[in-house]
Amino acid sequence: MHMPVTVRFAPSPTGRMHIGSARTALYNYLLAKRVGGRFILRIEDTDQKRFSPEAEAEIIEGLRWLGLDWDEGPDIGGPHAPYRQTEAREIYREHAQRLIEKDHAYPCFCTAERLARMREEHRARKEQPLYDGLCRRLDPAEAAQRIAAGERHVIRFKTPNEGTTTVTDMLRGEISVENKTLDDFILVKSDGLALYHLAAMVDDRRMAVSHVIRGSEWLSTLPLHALVVRAFGWREPAWCHLSLFLKPSGKGKMSKRDATQAMTEGHSIFIRDLKEMGYIPEGILNWIALMGASFDEAQDVFTLEEMIQRFDLGHLNPSPAAINFEKADHFNGTHIRRLSTDDLAARLAPVFAKAGYAPDGAKLRQVAAAVQVRIVTLDEAVDMGGFFFRENVAPDPKDLPGKGLTPAQSADALRAAREILAAKPAFDPTASEEELRALAEKLGYKPGVLFGIMRSAITGQTVSPPLFTSMEIIGRETILARMGAAEAVLRKM
RNA sequence: GCCCCCGUUGUCUAGCGGCCUAGGACGUGGCCCUCUCAAGGCCAAAACACGAGUUCGAACCUCGUCGGGGGCACCA
């Protein structure tokens with residue numbers, strides 16, 4: 001008998017969408033697709049203080065760009081609305097009330113000041129900073145009276161004082177903690193809004209979530225969450241805590257400063273940045289999927305579809321993984337090479353446009369084919385092939401003379417080459433290659449030397465796609481003009 | 001300080017008691033190809049944290065040590 005699988009990606013809109021959350025979303029998505037289950041997007045915005053209005057948009061934009069489509073969510077609705085926790089306040093309140101009635105929770109009137117003082121004392125005595133249970137011992141009648149009088153209060157969970165709580169994590173097996181080390185954590189804040197510990201559990205229940213796949217920063221609160229679920233008498237979801245992403249050095253998780261540092265080195269952990277840097281979804285997906293998991297013993301390049309076919313929770317790795325930006329480049333380049341020419345051209349169009357060029361269709365296709373194996377990110381196509389779309393090139397004069405040749409010798413060679421090309425009634429550079437090689441031999445130069453001069457003259461670069469391919473894209477008149485111009489420069493040197 | 005988790009080359013990983021003289025990938029070095037740059041092909045260096053135990057046999061099981069990480073909020 002199979003329970004229907006439902007998973008959810010539940011980010012909080014407090015910051016930018018980064019590769020860590022993208023990977024969590026990906027694994028959730030993969031499991032859902034693998035078994036034909038549902039994938040829900042839920043926004044956990046109970047933290048009003050840290051709420052950022054742009055964050056939700058960036059999350060949605062990031063997921064869409066990556067192609068991780070959801071079946072239910074705040075933007076598209078679904079049978080379990082609301083999908084934003086601030087829109088479900090009453091639901092959480094009712095549930096908190098039920099917990100109080102079942103003697104699993106209690107109102108607490110302690111002030112923030114008292115709590116802070118208490119914590120300080122605990123730390124001073126090197127004890128665990130747990131709530132001391134003052135209000136837990138309050139007479140319920142008195143508590144009810146104070147609430148009726150409008151006194152500010154929070155609702156705390158009544159954690160068992162004795163025994164141990166054991167929870168099963170799919171990747172780690174059983175995890176046990178002694179209940180006396182667990183805090184009477186707050187379920188509902190004094191402003192009436194639930195905290196994650198309550199809201200997420202209630203929502204997972206409401207939405208019939210079968211597998212909770214989330215970051216392992218939640219591992220330490222897992223027993224608490226299991227206790228809440230059990231207090232309600234609900235069936236527990238399968239818990240699966242993903243490994244953490246560590247900074248490239250492997251020492252600690254990425255901090256804000258590390259993220260900034262990465263930017264100065266030309267990297268980023270943020271999805272939107274990666275997109276703007278010219279990474280493609282296929283590359284990013286492949287990259288993050290393999291940090292903390294393996295999909296196949298003998299293969300490591302996968303499309304989303306292939307990942308779905310091979311996804312297996314059992315192949316997730318519980319140990320933390322250091323981020324490796326070189327691999328992002330590797331996977332991105334690999335996936336760019338796998339694109340069809342038309343597809344690459346379509347993706348390159350906005351990149352060239354952004355750089356100020358007006359790429360037309362047919363030529364863009366040719367350029368795409370020419371740069372395809374030479375670029376790691378889409379943006380690199382501009383450096384490698386921008387000259388295809390420029391009216392004029394301005395080669396650095398010092399790059400013009402052939403290796404080991406004087407400017408005069410180079411000018412002569414260039415003129416001779418130009419004459420060969422100009423003499424052809426039908427312009428076909430590739431067909432002229434043999435003749436040009438013969439020319440080089442006649443002059444006593446290596447072909448590469450002659451081609452080097454031509455490359456500088458025609459492309460304005462010392463590095464470019466293959467000369468003859470490039471010439472075909474550029475066209476006769478432009479080539480002859482550029483060669484002539486370069487010769488003139490050489491004559492004056 | 002307390003609680004929890006993790007530990008195979010520099011990095012991501014395969015390995016689930018004999019298939020391991022530990023496999024793949026990134027990166028690194030070399031060679032080949034070559035008009036530049038790439039891509040591609042071939043080769044190389046590089047790891048089971050340590051110590052006990054269990055067993056005929058341990059990277060795989062157990063315990064300890066050490067190392068790393070996460071959490072300890074009216075944040076998520």
Side-chain angles (χ1 to χ4, degrees), chain A residues 10-15 44-50 108 110-112 115-116 119 122-130 152-156 169 171-172 175-178 181-183 185-191 193 195-197 199-200 214-223 241 243-244 246 248-253 287 290-301 314-315 317-331 333-334 337 371-376 384 433 436-437 440 446-452 454-456 459 461-468:
Chain A
S12 74
T14 52
E44 312 221 315
D45 56 353
T46 54
D47 186 353
Q48 313 276 253
K49 284 200 204 87
R50 295 194 306 155
C108 170
C110 293
T111 62
L115 261 23
R119 252 193 303 273
H122 280 145
R123 278 198 221 277
R125 289 198 302 264
K126 295 193 188 290
E127 285 173 9
Q128 229 185 324
L130 301 181
R152 265 181 97 77
H153 64 282
V154 300
I155 296 173
R156 286 182 184 273
D169 174 80
L171 307 184
R172 286 160 260 255
I175 294 168
S176 294
V177 288
E178 292 192 49
T181 66
L182 264 24
D183 202 3
F185 57 99
I186 294 172
L187 260 17
V188 180
K189 289 183 278 186
S190 55
D191 67 1
L193 226 199
L195 243 29
Y196 179 94
H197 306 306
R214 59 192 345 185
S216 63
E217 62 269 25
W218 292 109
L219 215 46
S220 55
T221 42
L222 173 59
H241 292 83
S243 68
L244 238 40
L246 268 27
S249 65
K251 303 224 177 290
K253 61 176 188 179
W287 176 45
L290 259 41
M291 275 194 263
S294 73
F295 286 66
D296 191 297
E297 278 199 43
Q299 186 186 335
D300 48 31
V301 177
H315 280 96
N317 198 136
S319 49
I323 294 170
N324 184 333
F325 289 112
E326 282 71 43
K327 279 198 183 184
D329 287 346
H330 169 256
F331 285 117
T334 302
R337 269 172 256 130
V371 302
Q372 188 156 23
V373 298
R374 276 163 260 274
I375 56 175
V376 158
M384 178 59 76
E433 179 171 349
L436 289 164
R437 283 180 184 279
K446 286 190 168 173
V449 175
L450 206 216
F451 295 159
M454 292 174 67
R455 180 188 318 283
S456 292
T459 71
Q461 303 174 177
T462 55
V463 170
S464 80
L467 222 210
F468 297 96

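Per chain, numbering begins at 1; letters A, B, ... match sequence-line order.
The residue A:Pro465 sits close to a base: some heavy atom pair falls under 4.0 Å. Using a 4.0 Å heavy-atom distance criterion, A:Ser176 is classed as a sugar-phosphate-only contact. Nucleic acid contact class of A:Pro320 (heavy atoms, under 4.0 Å, all strands): sugar-phosphate only. At the heavy-atom level, A:His315 lies under 4.0 Å from the strands shown only through sugar-phosphate atoms. Note on A:Ser464: a base of the nucleic acid sits closer than 4.0 angstrom, heavy atoms only. Counting any heavy atom pair closer than 4.0 Å across all strands shown, A:Val177 reaches sugar-phosphate atoms only and no base atom. If you check every strand for non-hydrogen atoms under 4.0 Å, A:Asp169 touches nothing. A:Thr46 comes within contact range of the sugar-phosphate backbone alone, with a heavy-atom separation under 4.0 Å but no base atom that close. When heavy atoms are screened at a 4.0 angstrom cut-off, A:Leu467 is found touching base atoms of the nucleic acid.
Donor-acceptor pairing under 3.5 Å, judged by distance alone, is present between the side chain of A:Ser190 and the base of B:C74. Judged by distance alone, with hydrogens and angles left aside, A:Arg172 brings no side-chain donor or acceptor close enough to the base of B:C5 to form a pair under 3.5 Å.
For B:C42, the paired base is B:G30 (Watson-Crick or G-U wobble, both distances below 3.5 Å). Across every strand in view, B:C56 sits in a pair with B:G18 that passes the Watson-Crick or G-U test at under 3.5 angstrom. Across every strand in view, B:U65 sits in a pair with B:A49 that passes the Watson-Crick or G-U test at under 3.5 angstrom. Under the Watson-Crick or G-U wobble criterion, with both distances below 3.5 Å, B:U11 is paired with B:A25. For B:C2, the paired nucleotide is B:G71, the pair qualifying as Watson-Crick or G-U wobble because both relevant distances are below 3.5 Å.
The nucleotide whose nearest atom lies closest to any side-chain atom of A:Ser220 is, among B:G71, B:C75, B:C26, B:G71.
Taking the nucleotide of RNA chain B with the nearest heavy atom to each of A:Ile323 and A:Arg437, the more 5' of the two is matched to A:Ile323.
In this structure, the side chain to side chain contact (heavy atoms under 4.5 Å, CB included) partners of A:Leu130, at least two apart in sequence or on a different chain, are A:Gln128, A:Asp183. A:Glu433 is linked by a side chain to side chain donor-acceptor pair (under 3.5 Å) to A:Arg437, counting only residues two or more places apart in sequence or in another chain.
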Polar-atom pairs under 3.5 Å, protein N or O versus N or O of nucleotides 41-45 of chain B: list them with distances, or write none.
none

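Taking all atoms of both residues into account, the shortest heavy-atom contact from A:Pro447 to A:Ala440 is CA-CB, 3.9 Å.
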